[in-house]
Each structure stands twice: as C-alpha cells, then as structure tokens.
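Residue numbering restarts at 1 for every chain, and letters A, B, ... go by the order of the sequence lines. Just so you know, these numbers use all the heavy atoms, side chains as well, and skip hydrogens, waters and symmetry mates. Please read all numbers here as calculations on a predicted model, not as lab measurements.
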Amino acid sequence: MKNRLVADIFEQMAELMEIQGESGFRVNAYRRAARALDSLQEDVEVLRREGRLTDVPGIGESTAQKVGEFLDTGRVARHQELLKKVPAGLLELLQVPGLGPKSAALLYRELKVRSVDDLRQAIEAGRLADLPGMGEKKIENLRKGLEFRERAAGRTPLGLADAVVTELMAALRRAVPKVILSPAGSLRRMRETVGDLDLLAATTRPADVLQAFVELPQVAEVLAHGDTKASVRVEHGLQVDLRAVAPESYGAALQYFTGSKDHNVRLRDRAKRMGLKINEYGVYRGEKRVAGATEEECYRALGLPWIPPEMREDRGEIDLAEAGKLPRLVELGDIRADLHCHTRASDGDLTLEQLADEALKRGYRYAAVTDHSVSAGYAGGLSAERLKVHLQAVHAFNQKQSKIRLLAGTESDIRTDGGLDYPDELLLQLDWVVVSIHSAFGRDPTGRMVKALQHPATCMLGHPSGRLIGQRDAYEVDWEALFKAAAAAGKAIEINAHWRRLDLDDLRARRARDLGVEVAICTDMHRADEFDNMRFGVGVARRAWLTAADVLNARPWEAFEKWRTAMRAKPAARRKPRRKT
DNA sequence: GCCGTTTTCGGCCCGACTGTTTTCAGTCG
C-alpha cells in the first residue's frame, strides 16, 4: 500500500507551503488530506482505480489528481517545485520547539539559514539579534530548543509517559490535597507515543496549584507560568503542560484538552450548526453556559452520548455516537487471561507458582505458559527434552490446584523457511502454541508467518510486525494477506501489550477484526510487573473499537476452551481455501 | 484546497502564553 507514502508527501507539501507563506487554509487542506490518506483502511490504488478518491472526506479534485500523479510517476510536480524554492533542511527547523514557519522563513530570507546546523552557527555568531522581533529571550529559547531536540529526539513511548504522569500526579496531590487531577491529551487517548504530557486540574485556587506544580522536585525547568497554565520540562526532557480550571468547567476542559484536535474541530463545527459554542470553559448558547462540569453533559448538550477518549480520532465516532451505535469497548476488567507469558524456564523471572499467583491477583482464571523455543538460544530457549519436562510440570501444577488453569505452551520461533521449532508430535501435545519471528526480519516475513499460521498446532501469532517503538521499524508485511490467512485458518493474532511493541497497532487490529481474525491481548511478560502492561494493550484494542466479544482472552474459560478445542480439531482439508493475493 | 442545515462562493476552531511590542505577531495545542 502506498497510502503512507502519499500522505507523507502531502504533509511535507503543507510544511513547505507554510514556510512559503501560503494561505493557512490551503496548508490545512493538505494536512487534512494527508491524515485522511494515512488513516484510510483501503488501498489508495484501489480507490483511484475505481474513481472513488474524492469520496474520501478531505480529498478533492486537486489532491485526487496529485494522488494519481504520484501513483503514475512516483512524484508530484507541485511538490518538486516547492522543494526547489525551499531547501529541505528548513523542514527540520520546524522540529525545533519554539520555531515555526514564520521564523523559519525569516531566518532563511535574512540570514540564509538552511538547516539546524546553520541555525546553531547563526546563534553562536550572534547574528540573530539583528532580526526584527528577535530579542534576547527568544534567541535563548531557540538555543534551548536545539538542545532539547538533540537530547530527546521525538516522542515518548506511552509506557514511559504513563509512569511520569502517575508520579507527577501523586506528588501534586500531596502538595495540594484537594485538587482534582486527570491526564488529558494523547496519553488519555492511549496513543502509542506521546509528544507532550497534558494534565488538567479542577480547582478554585488555580494560582496555588500552578505554583505547587512548578515547584515540584521532578521539574527541571519552567517554560511558562501564567494564570491558568504552566509548562515545565521534567528530568527526562519530557514537557508537561498543566491547565487549571474552575470545577464548573472541568468537563469541558477535559474534553477540550483530551482532543484529538480533529475530533474537537468536528465537535465545534457541530456546535456551531446547533447555534452553540464550545470551548475549554463550557458549551454556550449565546452568553449562557449550558454545560461544562462533566464531559457527559458537554456531549449531551451536543446531542451525543459520551464518547470514550480512545475513540476520539475523527474516524467516524461522532456519526456512530449520533446514531446511538457506539460499541461498548473492551475494558481491562473484561480480560480473563494472559496467553503469552514467560517463566524462569527460559528468560523470565517467575516460577510457575509465582506466575499463577500474579495472574490470580489480576483476576485471571487461565494463562498460557509460553517459553522460548530451541532457536531462541539467546533467550534460554527450551530444547525438545526440556520442553517435555516443562509440559509435565504445568500439568502437575494444574492437578494440584483449581483456582487457575495454566496452558502448557511455547513461543516457537518461526524459522526462515516458515517451519516451527519442534517436531509436530510434540507441538500437538501442547495446549497453546504461539508462533513469532525473532530473527531474519528481511526474509519474507509474510510468507513465513502465513505458513506458520497454517501449521495445525499453531494457535496464535505473536507480535506480528516486530517493531520496537522508537527503536526498530516494523518489517515489511502484506497485512491483508496475513489477516486473510489467519481468518481462514481460524487462528488468533496478538495485540502485544508491551509499550515498546503495541503490535498489532490500532488500525491493523481493527482491520484484523473486520476480516474475521480472532484477536488476543497479551503482555509477553517476563517479570511480574509486566503483567500490568495489559492496560496498554487494552488501550490499543479500544482505539481499534474492539468490544469484549472481539477479544479472545476476554472469554470465560469454558468458552475459550471450546474455541481452542474446535480450532485444534479443524482438519486442514476442511479449512476454507486461502484466496491468492 | 475543501466543502455545503452557510450549498458553487465564502468560510474555514479558538484561546493562552511569550516576547517584543504600545496593540500585536508567532507559536502551540
């Protein structure tokens, strides 16, 4: 699929046009087109072939024509023209906090600054001071922005941001006991990475709360401190914004700062059509506030039920809400098992007993023991002989207690030929077989995963994209082919709940579900505390609009066991033939 | 450049904060 490629070009065109000083509305139109393409479920080439490009909201005649141009020639003439006028290095200047398109254009025009390096030199040589509107503090801010950019390149993974926000909220509550606090922004929407952290406080004494906030020991630097808002940088370089609002505006503010921006733009538009105005202080009819204290009443004022934060991405949730068809999204409390767990037998920390205890603490009724296989030598993968012993130990454990059911399993490497790591008769003796790629990512991952899914012993595909957020990109996978193969074979695919993986991601999890694939949310835990990553996986599932019924390990043991037995018994010959793609 | 309960032209979300300004531009979310 070339959706992402075209989206990237449109996004870049928007930035280039912004530097050129083109109409903000046109710039926004390109941004919107880029987002539309990026979150499109269908292949842009198919849409184009069928003449349906302009059916996509945000794609009009002009952008559709440019999509076609890219698909035919691999480039977009207008994009090339823009690149000729604006050096590409200016685009990275926009990544420097505090530096926007106007300043980038000014720096280029007046000082011939074409890159981040040029900017650094210009600052050091004191050349910025000659520019209009460039005072001492602005220059100092740019210097700090450059430093930050070097230290923290980009966004923070959800799991790290979550830990920071939990600590900050606890500290602020100790300092100001009565304050009501909530995370907002992309963290509350459970996006896989977070740019800045947004915190919201409901209080009748905003000045006190903001003062206490900027004085927290975790704060490394205060970036801004006003009457209603303060921004700080904490140790790890992460920026945290705190907004303080009156209790009667708390719901409106929570809604407003949770976003997403696109969701809010749409709500605002809706409010306007209803003769209302919505901002961070409430929903207004004329001067009169008609809602604001809770999110529920704000949505209700707009004729909508409350929409879960994870759905607020302008992917059709408002229409769904209006029609009264919002799904009841899966919740952490619905999860009854973890189907991907490591023990001390390979590279985990826990014994079987400890694993069972930790699972019970989280309310689980069953769990799969899936230690690494032979090929994973680096992770203490089990030989066939050791696996047999391990299998006996799990069965023995089940015999002696009845509080939780452990499934004897493995996480088998998918070898380069698509084969699994143990003899078939041993694999078939296991209750639960997870298959995953751990090496040779470049060697036909799709073909290998499809073949592994078709193995009669296989139950679930683990971390199917192989990405490590912020560290390693996903391997090249033909997702449609993979999902269709999994659906045809009746096998499950994992949403790996570790915050470094979160893989399947939200859009792919939704697509998998739509194609009839069983989806399971598993932590791949190696230590006791990693069980708690489950909430991040549930966040992805909620972003994918999954209900409890869509999640394999949200089923009670009996229902799960029924599914598992049927799946294992399904003879290869009676499976639906896989469509060639 | 897109789009339509404002419908083929004329809007397009809106407020806070900072810094360099004396009334506002730029940036951010």
Protein heavy-atom contacts under 4.0 Å, written 5' to 3' over nucleotides 24-29 of chain B as B (base), S (sugar-phosphate only) or - (none), form the string --SSSB
Could you tell me whether [X] contacts a base, only the sugar-phosphate backbone, or nothing, with contacts defined as non-hydrogen atoms closer than 4.0 Å?
X	value
A:Asp227	sugar-phosphate
A:Gly259	nothing
A:Ile278	nothing

Report each atom pair, protein N/O against N/O of nucleotides 4-11 of chain B, whose distance is under 3.5 angstrom.
none

A:Tyr30 side-chain proximity, nearest of B:dG1, B:dA16, B:dC14: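 The listed nucleotide nearest to A:Tyr30's side chain is B:dG1.
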Side chain of A:Thr228 (C-beta onward), nearest among B:dG15, B:dT18, B:dA16: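 Nearest listed nucleotide: B:dA16.
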Please determine if a side-chain N or O atom of A:Ser231 lies less than 4.0 Å away from the OP1 or OP2 oxygen of B:dC17.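 A:Ser231 to B:dC17 OP1/OP2: no side-chain N or O under 4.0 Å.
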Does B:dG1 have OP1 or OP2 under 4.0 Å away from a side-chain N or O of A:Thr63?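 The answer is no; no side-chain N or O of A:Thr63 sits under 4.0 Å from OP1 or OP2.
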Set of side-chain contact (heavy atoms from CB on, under 4.5 Å) partners for A:Glu296, sequence neighbours left out: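 With sequence neighbours excluded, A:Glu296 shows a side-chain contact (heavy atoms from CB on, under 4.5 Å) to A:Thr294, A:Arg300, A:Trp306, given in chain and number order.
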Report the residues that fulfil side-chain contact (heavy atoms from CB on, under 4.5 Å) with A:Phe10, sequence neighbours left out, ordered by chain and then residue number.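 side-chain contact (heavy atoms from CB on, under 4.5 Å) check on A:Phe10 returns A:Val6, A:Met13, A:Tyr30, A:Ala33, A:Ala34, A:Leu37, A:Thr63, A:Lys66, A:Val67.
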Close approaches to DNA chain B from residues 15-26 of chain A, in residue order (heavy atom, under 4.0 Å):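 The stretch gives A:Phe25, A:Arg26 as the residues lying under 4.0 Å from the strand, ordered by number.
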Only one of A:Arg32, A:Arg35, A:Arg31 clears side-chain hydrogen bond (donor to acceptor under 3.5 Å, both in side chains) with A:Asp262; which?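 Only match with A:Asp262 under side-chain hydrogen bond (donor to acceptor under 3.5 Å, both in side chains): A:Arg35.
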Considering residues at least two apart in sequence or located in another chain, which fulfil the ring-ring contact (aromatic ring centres under 6.0 Å, His included) criterion with A:His498?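 Checked A:His498 against ring-ring contact (aromatic ring centres under 6.0 Å, His included); zero matches.
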Regarding A:Asn533 and A:Thr523, do their side chains bring together a donor and an acceptor under 3.5 Å, going by distance alone?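 There is no such pair between these side chains.
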